[in-house]
Amino acid sequence: MPQADTSNQNATVPEASPHRRRRRRISNASLLVGLALTSVFFIIALVSFFYVPHDPNMPDVRNRLLPFGSPGHLFGTDVLGRDIASQLMVGAQTSLLVGVGGAAIALVLGTIAGLAAASSGKLVDETIMRGADVLLSIPGIVTALVLAATIGSGAGTTILALTAFFTPSFTRVIRSAALTVLEENYITAARLYGRDRIFILARHVVPNIAGVMIVQFTLYFAVGILVESSLSYLGVGVSRPSMSWGLILNEAQQQVGVSSPLAMWPGLAIVLVVLGLNLLGDGLRDVLDPKLNGRRS
Amino acid sequence: MYHRIQLRRRRKSTALAAAAMAIAVALPATPALAEVADSPRADDAAIVLAARQDPGTLDYVKSNLTALRLWVPGNVMEPLVYFNADGTVSPGVAESWEISDDRQTYTFTIRQANFSDGSPITAEDVIYSLEAMSQSPVVSNAAAHHAVEDIEKLDDRTVRVTLSRPSQNFWRGMGDVAGLIQPQAAADQIATKPIGSGPYRITEYVSNSHIAFEANPEYWGEQPEITSVTVRIITDGTAGLNAIEAGEIDASPVNTVDLWEQIVNRGLDEAYRLVTFPQAGEPTYAVVNSNVDHEIRKTIAMTLDRQAFNDAFGAPWGVENTCTFGLPHYPWYEPASEESCPYPYDMEQAMTRIAENGWGDIPLEYASLSDVPDLSLPADLMIPLMQAAGFTVERNAMDLARYSQLIFQGRPPQFDVTIMAGPGEPTQWACSDPQNGGWSTYCSAEYTEALAAADQALSQEEYVKHMKEASAILREDAVIIPIIAKAGVGLYHPDLVGFIEPRVGVAIEFAPMSWQ
Amino acid sequence: MLLHYVLRRLAFFIGAMFIASVLIFVLIRAAGGNVAAVVLGRDASPEAINALATEYGLDRPWAVQYLDWITGMMGGDLGQSFRTGESVADLVVSRLPISVPLAGAGLVLAILIAIPAGTYAARNAGRSSGTLIALISQIGIAVPVFWAGVLLSLLFGVQLGWLPTGGWTPWNVSVLGAIQSLVLPVLALGLVMAASLSRYVRTAVLDVMNQDYVRTARATGMSQTRALLTVGLPNAALPIVTFLGLLIAELIGGTVIIETVFSLPGLSRMILSNVAAREVIVVQSTVMLIIVFVMFVNLVVDLLYGLLDPRIRVAG
């Protein structure tokens, strides 16, 4: 399973050097390119709810396997003559739904677990973190395979599988971010004022780690899209009448062989969207979380 | 500085996209048809064949796997008689036979010959073999022996079989797996090294690897030209095609439907000799639960655009449209025509009927298999067609294990509509007890009677007549709705000649083959 | 203190395995369907299927089945396939000559690319060359491993015809053939993993470069390369070791996908087909073996971590 790239969190570049300025520019560029790619993706996914050129499931066998650029079928047709452009558009819906769904549920659960671990005693902390470790050490794809057999494949199952992969990672990140905030003087002050734990967490910790949460959400959204497409490619993710980029590839390979040009488009779509989200995440990290760029002692 | 980086980035990604496009656009170029090189095995009178499936066991009495029935009968094991493609009957283990006028007494004269282990074929061996078959767990093997009342030895080379009633199934079975003759003394080694009287004997069977054959020196007939045959088990279909292209194997006698489009795309059907034969084929058919109103079932049948299913497999050969449940070589089989299709494809009529009767409000549960591509593809086709006609179809996709549980073993089976492919034997739908309709939910006394009448027919004409009747009942009822018949498809090295259509079940016979 | 640390990790290792074994046992059983039905096929009567299921011992209470399986596992008996009677150990061993070279060579390739590339990108951070490497790895991270496989087989298999597009030639049939069937899968796996690994190496090296000890070493007149090698690398080793643990999980996921792309009959395809056939014992035991392996790697990483970083040893 792909992992979200969380490595940059530790990145440090000397301040006030020419490199530092350039880095700032690069992150601006990242942000812009990422934002552009992500917006295109969102627009396509949203448009597909209201309009697609053809029903992506409607066969037209006499026009099967039309090449790229055929009239009426810009991206050609598949083995049953179904329009590829429409399948790509509806596939974007699934990517959006599953990516956002998986990342959002995991974010909520991970935040609750991470905050609980950070603010409670050693026993709770240990239990939560060790639990996260167990989940992390079960190869995610294996869980997904068994899960798909258990409750059947579909977007719901995929979101569930993603939640299972992501929650432990979120828990770790949120916990460590929260621990840093909890060490701050004003938290001690708030405690001295007799504020209770929930109040401190909600009022002081969460707003301070919101940047981390947004960045993590973006990065895991991207991983979610990769995982979803992988599972659908393996035939245990989304199945018809729903559509997924991975499923287009799976069908192309099973039915036409690996040489099918159908394999190009969904792959390209995945790369662009995931790249866009990752660039956006990197850019956001620099904007929302300037502290992370500072030197670590 | 800022601008330069921006520019580079852009250039990089356009270059990448362009490269990807270039690959995509260049793709449709078909590989040039290479001249097929001579097989290195031609001079040694040897052939290497590819098989997709490992049989697991070579015990043909207990196992009905095609993986076994392709190679052992006809080559190693011989039946009492052979039914030829032209309808004539040739001698096998039985040198001659006599059938009484009431078709209830069959007298077989056993050939004076040896099994491949050197022991003579005796009347006792024949009796043992037939009796073992009558106890076979394989339904079609045992079914051939249902009418048998008594088997007796008249002398060392004569065996008489008495039937309780005339039975076409018995006589046909004597030319099929149900009539294969083995030596009683060697029965314990049947799983790994069955002994028979055919032109070849097995030298080695290594599970998941290969089965090796050599010419049987004891064979009663003319010695075959090919003296050594290896069947290599290559489970991955693409790898099998790669191996044939690389010259590692000389033929791939059975290629399942999932490989057809690849065979066409790679030009293998042009470069190699492609043979299609019905025996190893199977029909694809829709099943509509018999609970569903007959008029709705008829209307579902009308949404089936058979030519679309045919075209979907992407090969110009190998598929035939059909409304008859059976295989195209059966004497009573009829290809799709106005006469043989009571509910031909008619989208407009289907739409009208659905709209007039308000059937669009009835949700139909369509059970589809997600992990069997040759069934999920037809489902991808059938569901939108039904929906386009106005039906409300809910697709329930599941893997084979779940499908087995809910449908094959579900009582009552959990589906309204599904699609299936499998053996083309029409007797599988016979059903004597309406409480026990089996997974298809089809149970028709009329149909079952017509089949019984066909079995008891005294002449071929009468048999064909009753089978046609049965077939008509089945298609009128529109529970089992045949769509297409897929053929067995084999690929042979252009220099390897002599393929004949299977005579013993689906068996691929090596003996008639030779290198040119 | 150190002994205490090791013991705690071991206890966690055992506890985690227990939880994982229960999870996998319950999940595969909750899937419905049973191997007896798969074996007997569609025309078998429900009675026959129940009889076979009883013969296989699948009608016993789950707790009994679990205990039976887990005690066998602990005694080194992985059980056997219902259908063929082959032992799971033999089945696994027969698939290893495909999966182990694939995963191993993929990992080695990823490391061989990622360490120089990541270090170079870090040392040239802010220069165009470093940015370019970083950008390439950013794109690489976005490429799903199956698509990388598809592209490589399009280029080297279909267009150039140099290597097979899929399929497996066993080692005992042709060593060259086996290597040929592994080249593209290894490339696909290695390149995609190299992308994320190199990014991690870059960050780690950047981090170390700015640490006081490296700066000090530089101030004493050491060249940057020498300072990185002598002082930086041993210190950077720590987060990289952590990442390797995660990488193993990614490697297993990648192998599952790549074996499917290239139709390699490896371990993961074996799991896939056995999940489909509800060969519960084969699936449970094989998945457990993988989990034990991953956890073992994590355990070793944890212990190494403890050895390398005294703070953890004390605090942990």
Side-chain angles (χ1 to χ4, degrees), chain A residues 18 21-22 24-26 28-30 32-33 37 55-65 67-69 75-76 78-82 148-154 234-236 238-242 250-251 253-265 267-268 271-272 275-276 279, chain B residues 1-3 5-6 8-10 13 16-17 20-21 23-31 237-238 241 257-266 305 307-314 368 370-371 373-374 376-385 387-388 393-399 401-402:
Chain A
R21 284 200 301 277
R22 173 172 293 199
R24 172 60 68 193
R25 284 170 188 160
I26 291 171
N28 283 339
S30 269
L32 284 178
V33 175
L37 286 172
D55 176 347
N57 285 301
M58 185 46 83
D60 175 13
V61 178
R62 274 110 201 148
N63 288 313
R64 71 197 293 272
L65 296 174
F68 176 76
F75 287 84
D78 72 1
V79 70
L80 289 182
R82 295 167 293 202
T150 308
I151 42 182
S153 51
L234 289 176
V236 295
V238 170
S239 59
R240 285 183 186 272
S242 299
N250 163 295
E251 292 183 344
Q253 200 188 344
Q254 272 190 347
Q255 294 156 2
V256 196
V258 75
S259 61
S260 166
L262 300 179
M264 294 308 299
W265 311 118
L268 211 54
V271 172
L272 291 176
L275 181 64
L279 289 176
Chain B
M1 261 342 227
Y2 175 72
H3 292 285
I5 291 165
Q6 269 279 15
R8 265 163 193 270
R9 241 169 228 253
R10 233 176 249 156
S13 52
L16 194 87
M21 303 264 190
I23 298 175
V25 173
L27 272 174
T30 44
T238 308
L241 295 182
V257 66
D258 53 321
L259 294 175
W260 293 2
E261 186 123 30
Q262 277 201 60
I263 290 176
V264 175
N265 287 346
R266 293 178 175 205
D305 180 0
Q307 190 55 42
F309 287 87
N310 190 327
D311 292 340
F313 290 110
S368 78
S370 54
D371 55 348
D374 17 322
S376 63
L377 190 67
D380 284 349
L381 198 51
M382 186 172 167
I383 294 170
L385 285 173
Q387 286 168 335
V393 185
E394 283 158 20
R395 184 175 191 164
N396 183 9
M398 49 196 145
D399 70 356
R402 179 79 71 100

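Chain letters run A, B, ... following the sequence lines, proteins first, then strands; residues in each count from 1. Every value quoted in this text rests on a predicted model; they were computed, and no experiment measured them.
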Query raised in the report: B/N265 and B/E261: side-chain donor and acceptor closer than 3.5 Å?
Result: no
Query raised in the report: Among B/N310, B/I383, B/D305, who wins on heavy-atom pairs under 4.5 Å with chain A?
Result: B/D305
Report task. Name the option with the most non-hydrogen atom pairs under 4.5 Å to chain A; the candidates are B/S370, B/A308, B/A379. Result -> B/A308
**Report entry** Student check: side-chain heavy atoms of B/R395 and B/D380 closer than 4.5 Å
**Finding:** yes
Query raised in the report: How long is the gap from CZ on B/F313 to CG on B/D258, to the nearest 0.5 Å?
Result: 9.5 Å
Query raised in the report: B/F309 versus chain A, heavy atoms under 4.5 Å apart: side chain, backbone, both or neither?
Result: neither
Query - Ion pair check, A/R240 and A/D78, cut-off under 4.0 Å - result: yes
Query raised in the report: Tell me, side chain or backbone of B/N396 under 4.5 Å from chain A's heavy atoms, or both, or neither?
Result: neither
Requested in this report: Quick one: pull up OG in A/S30 and CG in A/L275 and give me the separation to the nearest 0.5 Å.
Outcome: 9.0 Å
**Report entry** B/Q387 portion near chain A, given a 4.5 angstrom heavy-atom threshold
**Finding:** neither
